[in-house]
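Residues take their numbers from the sequence shown, with the count starting at 1.
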Amino acid sequence: MRGLIAALFYLCASAALAGAQKYEPLSASVQAALHKAVSDSRPAVSSFKTPLEATDWLATMSPRLEKRIPDRNYRLDLLRSVHYEATRAGLDPQLVLGLIQVESGFRKYAVSSAGARGYMQVMPFWLKLLGRAEDSLFDLRTNLRYGCTILRHYLDLEKGDLYRALGRYNGSLGKPEYPNLVRAAWQNQWDYRPPLRLAGQTR
């Protein structure tokens with residue numbers, strides 16, 4: 001019973017704290033850099049160092065997401081995309097999974113009361129701000145690219161302070177609830193430690 005109450009509290013808290021980035025004017029150089037980051041259409045390549053690393057990571061993460069996304073092929077596509085976009089932006093993929101869990105509960109078409117959209121709850125004003133009005137924030141890879149790029153921008157703005165960067169991402173800068181929820185999801189649900197192997201071991 002206590003577990004059920006705790007789960008309901010967590011879900012309610014997550015929904016209540018799913019906010020949105022706030023519009024802030026950007027310098028021309030920052031705007032140009034962010035535009036380039038979201039526009040880069042390089043062919044998708046694996047972000048894993050080795051096929052074995054990919055197998056281990058996906059085999060660990062996939063079962064944790066199965067209840068939320070039953071379709072295995074789509075689930076693996078989402079996980080590969082999260083890993084790629086997070087790595088590309090210099091972020092921990094597990095952190096991004098924790099953020100998605102809190103922001104949208106892994107609902108592709110989630111829309112917040114403020115109008116934020118998709119998995120990473122990106123505000124539509126970013127499309128106009130970065131000159132990409134034709135982009136769809138409900139597209140899997142587009143949403144992840146914007147979300148990861150925006151979080152990277154906030155981390156740079158806050159000189160690596162993750163607590164403040166997460167606050168900016170959620171539009172709740174200075175309040176502890178949201179950063180604490182993301183950290184909890186990251187560490188408790190999506191923690192990943194690669195299996196130890198002997199030198200030269202391939203399995």
- Results of side-chain contact (heavy atoms from CB on, under 4.5 Å) for Glu53 - residues two or more places apart only: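 With sequence neighbours excluded, Glu53 shows a side-chain contact (heavy atoms from CB on, under 4.5 Å) to Phe48, Lys49, Thr50, given in chain and number order.
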
List for me each residue that meets salt bridge (charged side-chain N to carboxylate O under 4.0 Å, His left out) alongside [X], sequence neighbours excluded, and say none if there are none.
X      : answer
Arg132 : Glu134, Asp135
Asp139 : none
Arg168 : Glu24, Glu158
Asp191 : Arg193

Within-4.5 Å side-chain heavy-atom neighbours: [X] and [Y]:
X      : Y      : answer
Val122 : Leu127 : no
Leu155 : Leu91  : yes
Trp126 : Leu137 : no
Arg88  : Cys148 : no
Pro195 : Asp56  : yes

- Can you list every salt bridge (charged side-chain N to carboxylate O under 4.0 Å, His left out) pair that touches residues 72-83, not counting sequence neighbours? Asp77-Arg141

- Message: Once salt bridge (charged side-chain N to carboxylate O under 4.0 Å, His left out) is applied, what residue pairs with a partner in residues 178-190 remain, sequence neighbours excluded?
- Response: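 Counting only pairs at least two positions apart or across chains, no salt bridge (charged side-chain N to carboxylate O under 4.0 Å, His left out) contact touches residues 178-190.
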
Tell me, please, which residues at least two apart from [X] pass side-chain hydrogen bond (donor to acceptor under 3.5 Å, both in side chains).
X      : result
Ser81  : none
Thr60  : none
Tyr74  : Tyr119
Asp161 : none

Gap between atom [atom2] of [Y] and atom [atom1] of [X] - 0.5 Å precision:
X      : Y      : atom1 : atom2 : result
His83  : Leu97  : NE2   : CG    : 9.5 Å
Leu166 : Leu95  : CG    : CG    : 6.0 Å
Leu99  : Gln94  : CG    : CD    : 13.5 Å
Met120 : Ile150 : CE    : CD1   : 8.0 Å

- Message: Quick check: Trp190 with Phe106 (ring centres under 6.0 Å apart)?
- Response: yes

- Task: May I ask you to check whether Tyr178 and Glu103 show a side-chain donor-acceptor distance below 3.5 Å?
- Result: yes

- Could you pull out all residues at least two apart from Trp186 that satisfy ring-ring contact (aromatic ring centres under 6.0 Å, His included)?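 By the ring-ring contact (aromatic ring centres under 6.0 Å, His included) rule, Trp186 matches no residue at all.
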
Check for a donor-acceptor pair, side chain of [X] on one end and backbone N or O of [Y] on the other, with a separation under 3.5 Å.
X      : Y      : result
Arg117 : Tyr109 : no
Arg164 : Gly174 : no
Asn143 : Phe138 : no

- Query: Cluster question for you: counting only ILVMFWY and a side-chain heavy-atom cut-off of under 4.5 Å, with indirect links fine, are Leu162 and Leu181 together?
  - Reply: yes

